[in-house]
Amino acid sequence: MAMWLQRLRLSCAVGAARQSLRSFAAASENNNSTNNDNNLDSSIDERHPLRGVRILDLTRIIAGPYCTMVLADLGAEVIKVERPNFGDEARKWGPPFLEKSGDAAYFLAPNRNKQSVCIDMKRGRDLMQQLVSKCDVLVENYVPGTLERYDLGYEQLRQAHPRLIYCTISGYGSVGPYAKRPGYDVIASSMGGLLHITGQPDGPPSKVGVAVTDVATGLYAHGAILAALLQRERTQRGQKIDVDLLSTCCSLLINVASNYLNAGTEAKRWGTAHSSIVPYQSFKTADGYLTLGAGSDAQFVELCSRLNIERVALDAKFKTNKDRVKNREELVNVLAKILARDSSKNWMRLFEGASFVVGPVNSIREVFEDEHIQAIGLVKTLPHPRDGSVKVVGPPVVYSEARNDARTAPPMLGEHTDKVLSNLLGYGAEQIAELRSQGIIQ
């Protein structure tokens, strides 16, 4: 009887959560009665969880745009405000560049499903205030204190817009001795210890190949915004959210941070190896590299069996993972000599169906030519108004009922200025022309 009651309570809680998620999107539609008519993306429908949520995106580069792109994939209407004649700095971060529009391929990565509006925030303050009044969420990544100069700080907006969710993404947060510093991925990754633990043991610190701290910060921000929307359904109040690169980087240290905080163990660089599991790293093959890991003693026994070195699995020096960690160098040398004799492809054939994890170190070309990546349709081709089409890596999350998709190409600079001002704010052609002649919009 107790188990039945527990299941009933769980079922009710899940149902209530689902209803609440539906409610905050519906509430947004009710509060912004012109929302659906003004969204330029007609492919958004009731299956998109964030249909009816409008976001004012004042972010540039990676962390902020990545956050708002994930929300846009889920159906939120994202209005990206950019500086006239310049736009998001990432538009210039090339080569490579698109042939006709001139935007950098870099810019394409975190900016699909958005509308670009060019407004001089200093001279177009009234225009910005009108946009704020039409939005559920504002996301910005300026140095703390910058937007206050344009009357766009949280404290300046909260009284007139009590339901506004205001998300600030910065390098170091809004308080503390570093609060006023600009934030960059590689600097936060340096100060947050990520570079210290990345690279070869006998080499210098290395940065990760992509801006992982930026991306993770954007993901934290997107989750925080979803939580704030859900809470707003209960409280009818918005709130400020602070997300910063340095704190995010520290959170990414996971076990490395825990080892230091609880045991005083200082971390070091391990290359592709693992500090606590052996073998668990990349090995050179005849034509490339292969990464494999034996996370249990049984998996190590199977690895040795497939390599016809059963005697190694029986050796007391390698019997348990603790033994293998202690005798890491000797075991790695044994495996390295064997794996160097054949190609990665042949080793993958030999290891097919193995209980231990294994995979080739792919080039980027090999990544996108991989049969699995092609089979799941991860890469999406989107029509582009000037360059014909562009390709993007689509959302990695798939829902059984909801939609989460790449629908429209990253916008050209100011592509939607006129439509947003006309459809959303009700500006006439003459008013728009006057704003453009004054250099307030592009």
Side-chain angles (χ1 to χ4, degrees), residues 189 193-210 212 252-256 259 265-376 378 393:
S189 298
L194 188 58
L195 266 67
H196 174 70
I197 62 174
T198 304
Q200 292 302 314
D202 56 351
S206 297
K207 77 180 187 69
V208 182
V210 296
V212 65
L252 296 180
L253 296 177
I254 52 170
N255 59 297
V256 171
N259 290 347
T265 303
E266 177 61 75
K268 65 177 184 178
R269 291 183 283 282
W270 288 96
T272 63
H274 195 289
S275 61
S276 305
I277 306 173
V278 177
Y280 198 99
Q281 65 182 78
S282 296
F283 291 90
K284 186 167 177 38
T285 64
D287 63 347
Y289 287 86
L290 191 75
T291 304
L292 61 80
S296 69
D297 296 338
Q299 289 179 357
F300 179 67
V301 169
E302 182 184 354
L303 172 63
C304 292
S305 175
R306 293 198 178 218
L307 293 175
N308 293 318
I309 52 171
E310 288 86 351
R311 70 185 187 285
V312 174
L314 297 174
D315 192 322
K317 291 182 291 185
F318 311 128
K319 196 75 174 176
T320 68
N321 182 67
K322 183 179 179 181
D323 300 324
R324 294 190 290 275
V325 170
K326 181 179 179 180
N327 298 288
R328 175 194 300 269
E329 185 175 353
E330 182 178 352
L331 177 58
V332 167
N333 286 336
V334 169
L335 296 176
K337 289 177 181 178
I338 296 171
L339 293 168
R341 298 171 188 165
D342 210 340
S343 68
S344 297
K345 190 172 184 179
N346 286 340
W347 286 124
M348 288 302 296
R349 287 197 190 101
L350 179 66
F351 295 148
E352 180 69 30
S355 63
F356 55 86
V357 292
V358 60
V361 176
N362 286 332
S363 67
I364 303 305
R365 176 184 61 79
E366 290 168 331
V367 169
F368 292 111
E369 291 181 355
D370 185 277
E371 61 178 348
H372 183 82
I373 295 298
Q374 294 187 354
I376 64 176
L378 186 61
V393 178

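- A donor-acceptor contact under 3.5 angstrom links the side chains of Ser344 and Thr285, judged on distance only.
- Applying the salt bridge (charged side-chain N to carboxylate O under 4.0 Å, His left out) test to Lys317 and every residue at least two apart in sequence or in another chain returns Glu330.
- Phe356 pairs by the ring-ring contact (aromatic ring centres under 6.0 Å, His included) definition with Phe351, not counting sequence neighbours.
- Judged as a side chain to side chain donor-acceptor pair (under 3.5 Å), the pairs with a partner in residues 305-316 (not counting sequence neighbours) are, in order, Glu302-Arg306.
- Residues that satisfy the salt bridge (charged side-chain N to carboxylate O under 4.0 Å, His left out) test with Arg328, not counting sequence neighbours, are absent from this structure.
- Residues passing the salt bridge (charged side-chain N to carboxylate O under 4.0 Å, His left out) test with Asp287: none are found, sequence neighbours excluded.
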**Asked** So Leu331 and Phe300, side chain to side chain contact (heavy atoms under 4.5 Å, CB included) or not? Walk me through it.
**Response** CA-CA 11 Å; Leu331 177 58; Phe300 179 67; 3.9 Å; yes
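- Using a distance-only test at 3.5 Å, with no hydrogens or angles considered, no donor-acceptor pair links the side chain of Asn327 to the main chain of Phe318.
- Under the salt bridge (charged side-chain N to carboxylate O under 4.0 Å, His left out) criterion, Arg365 pairs with Glu369, not counting sequence neighbours.
- A cation-pi arrangement is absent between Lys345 and Trp347 under the rule of less than 6.0 angstrom and at most 45 degrees off the ring axis.
- Under a 4.0 Å N-O distance rule, the pair Arg324/Asp297 qualifies as a salt bridge.
- Of the possible polar contacts, none joining the His274 side chain to the Gly293 backbone as a donor-acceptor pair under 3.5 Å is found.
- Among Leu335, Val361, Thr291, the one residue that satisfies the side chain to side chain contact (heavy atoms under 4.5 Å, CB included) test with Phe283 is Leu335.
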